[in-house]
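Provided herewith is a single structure, encoded as structure tokens, for subsequent inquiry.
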2 protein chains.
Amino acid sequence: MKISSRGEYSLRALIVLGRHNDQVIPISEIAAQTLVPVHYLEQILLQLKMHGFVKSKRGAQGGYTLRKQPEEICIGEVVRKLEGPLAPMGCVSLTSYESCPLEQNCLLKPLWGLIRDTIAQVLDNTTLGDLLTGNLEMQRIGGVTYV
Amino acid sequence: MKISSRGEYSLRALIVLGRHNDQVIPISEIAAQTLVPVHYLEQILLQLKMHGFVKSKRGAQGGYTLRKQPEEICIGEVVRKLEGPLAPMGCVSLTSYESCPLEQNCLLKPLWGLIRDTIAQVLDNTTLGDLLTGNLEMQRIGGVTYV
DNA sequence: TAAAATCCTAACTAAACCACTCGGGAATGT
DNA sequence: ACATTCCCGAGTGGTTTAGTTAGGATTTTA
């Protein structure tokens, strides 16, 4: 159930950009703060750009900036785009469903569905803004504090 | 965030054994019901045996049986043993912690911790018995129904 | 006691995936 | 013009996954 380095690194990069809101930060600087190899980070930032989370400026004094406000960047969305589906199995994935021959009366499917839902519940209710302010204790499910 | 085939297959096998409680079922029969290749399933059952979830009997009329009652088999434990840690990152894993240079004031760690906790909450409060009876709606967190 | 059924053990492998690296090109500011 | 920065595509070494292959050990049954 691990998250890959792409997912982790992209969130690290967004956090750096969110900290210096509206400033243009060159890749080299982001790499220094995130400890991600420059060329690898380059790929990741291009993906983040392609998906509309950041924008770039070329040339001297160029670099990257957030495209939206931190409060408007949903972590669940970032993870889905950079990392892949949240569901632990294709049979319960909303974004990339895959059928399974046992699916009809599978006793596991409800379990995987529950796992998917709990992960989505957390990630879809967290924004980059929440991460920046350390506001995770606010996470609730059904009105009851969660952690 | 996918679960691997080993994790899925081992739960499928336990479900088959749980359905025919106390009967000795040969691998070939389990394979037929789970759609897992016989020789691969063999490896998985050996692991399940090694970890004390099932027992085996050799020779003609031999096969596998659950070692405990279905209600005593914790799904979280099975997944941890067959699949690996529940945590999405080493920095928040209780069973196989790995340090990270950014850990000190990492804004992501609390998020990963929350994810780990929610997954563990579900899997550690589900038994094989729950799967067999379809009792997942009983899953609750903080006294509030969850799904 | 021989044969058949079953589990046990270890090594091997093909394909996919991951985490990068490398080389060069295109735009922009000074 | 030149330095700086992002952009793009291909390559690569290592690990993991999902098995396969081959043969051995134990038990039941005839």
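In the text below, chain A, chain B and the rest are named by the order of the sequence lines, each starting its count at 1.
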(message) Just N and O in the side chain of Y40(A): are any of them under 4.0 Å from OP1 or OP2 of dC22(C)?
(response) no

(message) Please tell me whether Y9(B) and L35(B) are part of a single hydrophobic cluster in this structure, the criterion being side-chain heavy atoms less than 4.5 Å apart.
(response) no

(message) Please tell me if Y9(A) has a side-chain N or O lying less than 4.0 Å from either OP1 or OP2 of dC20(C).
(response) yes

(request) Calculate the interatomic distance between E8(B) atom CD and dT17(D) atom C1'; express it in whole Å. (result) 15 Å

(request) Check whether V24(A) and L66(A) end up in the same hydrophobic cluster, where Ile, Leu, Val, Met, Phe, Trp and Tyr are linked by side-chain heavy atoms less than 4.5 Å apart. (result) no

(request) Would you please confirm or rule out a distance under 4.0 Å between OP1 or OP2 of dT26(D) and any side-chain N or O of K57(B)? (result) no

(request) May I ask you to verify if any side-chain N or O of S56(B) is less than 4.0 angstrom from the OP1 or OP2 atom of dC7(C)? (result) no

(request) Using heavy atoms to find the nearest nucleotide of DNA chain C for S4(A) and E42(A) separately, return the residue whose nucleotide is more 5′. (result) S4(A)

(request) Assign I27(B) to base, sugar-phosphate, or nothing according to its heavy-atom contacts below 4.0 angstrom with the strands shown. (result) sugar-phosphate

(message) From the set dT26(D), dT28(C), dG29(C), return the single nucleotide nearest to any side-chain atom of Q61(A).
(response) dG29(C)

(request) Round to a whole Å and report the spacing from CG of L46(B) to C1' of dC7(C). (result) 8 Å

(request) Grab the NE2-C1' distance between H39(A) and dG23(C) for me, whole Å please. (result) 9 Å

(request) Would you mind reading off the distance between K2(A) atom NZ and dA19(C) atom P, rounded to a whole angstrom? (result) 12 Å

(message) Rounded to whole Å, how long is the line connecting atom CD1 of I44(B) with atom C1' of dT17(D)?
(response) 11 Å

(message) Suppose we call a contact any N or O donor and acceptor under 3.5 Å apart; does that hold for the side chain of Q43(B) and the base of dT20(D)?
(response) yes

(request) Could you tell me whether the phosphate oxygens of dC7(D), OP1 or OP2, come under 4.0 Å of any side-chain nitrogen or oxygen in K49(A)? (result) yes

(message) Can a donor-acceptor pair be found, under 3.5 Å and without considering hydrogens, that links the side chain of E29(A) to the backbone of P26(A)?
(response) no

(message) Here's a test of your reading of the structure: between P37(A) and A60(A), which maps to the more 5' nucleotide of DNA chain C?
(response) P37(A)

(request) Using whole Å, report how far CG of L48(B) lies from P of dC8(C). (result) 12 Å

(message) Pairing donors with acceptors under 3.5 angstrom, does anything connect the side chains of T127(A) and E71(A)?
(response) no

(message) By nearest atom, which of the nucleotides dC8(C), dA19(C), dC7(C) is closest to the P26(B) side chain?
(response) dC7(C)

(request) Using only heavy-atom distances, determine whether the side chains of Q47(A) and R6(A) contain a donor-acceptor pair under 3.5 Å. (result) yes

(message) Please report the distance, rounded to the nearest Å, between CG in L41(B) and C1' in dT21(D).
(response) 17 Å

(message) Using a 4.0 Å heavy-atom cut-off, does G62(B) contact any base of the nucleic acid, only the sugar-phosphate backbone, or nothing at all?
(response) sugar-phosphate

(request) Rounded to the nearest angstrom, tell me the gap between atom NZ in K55(A) and atom P in dT28(C). (result) 15 Å

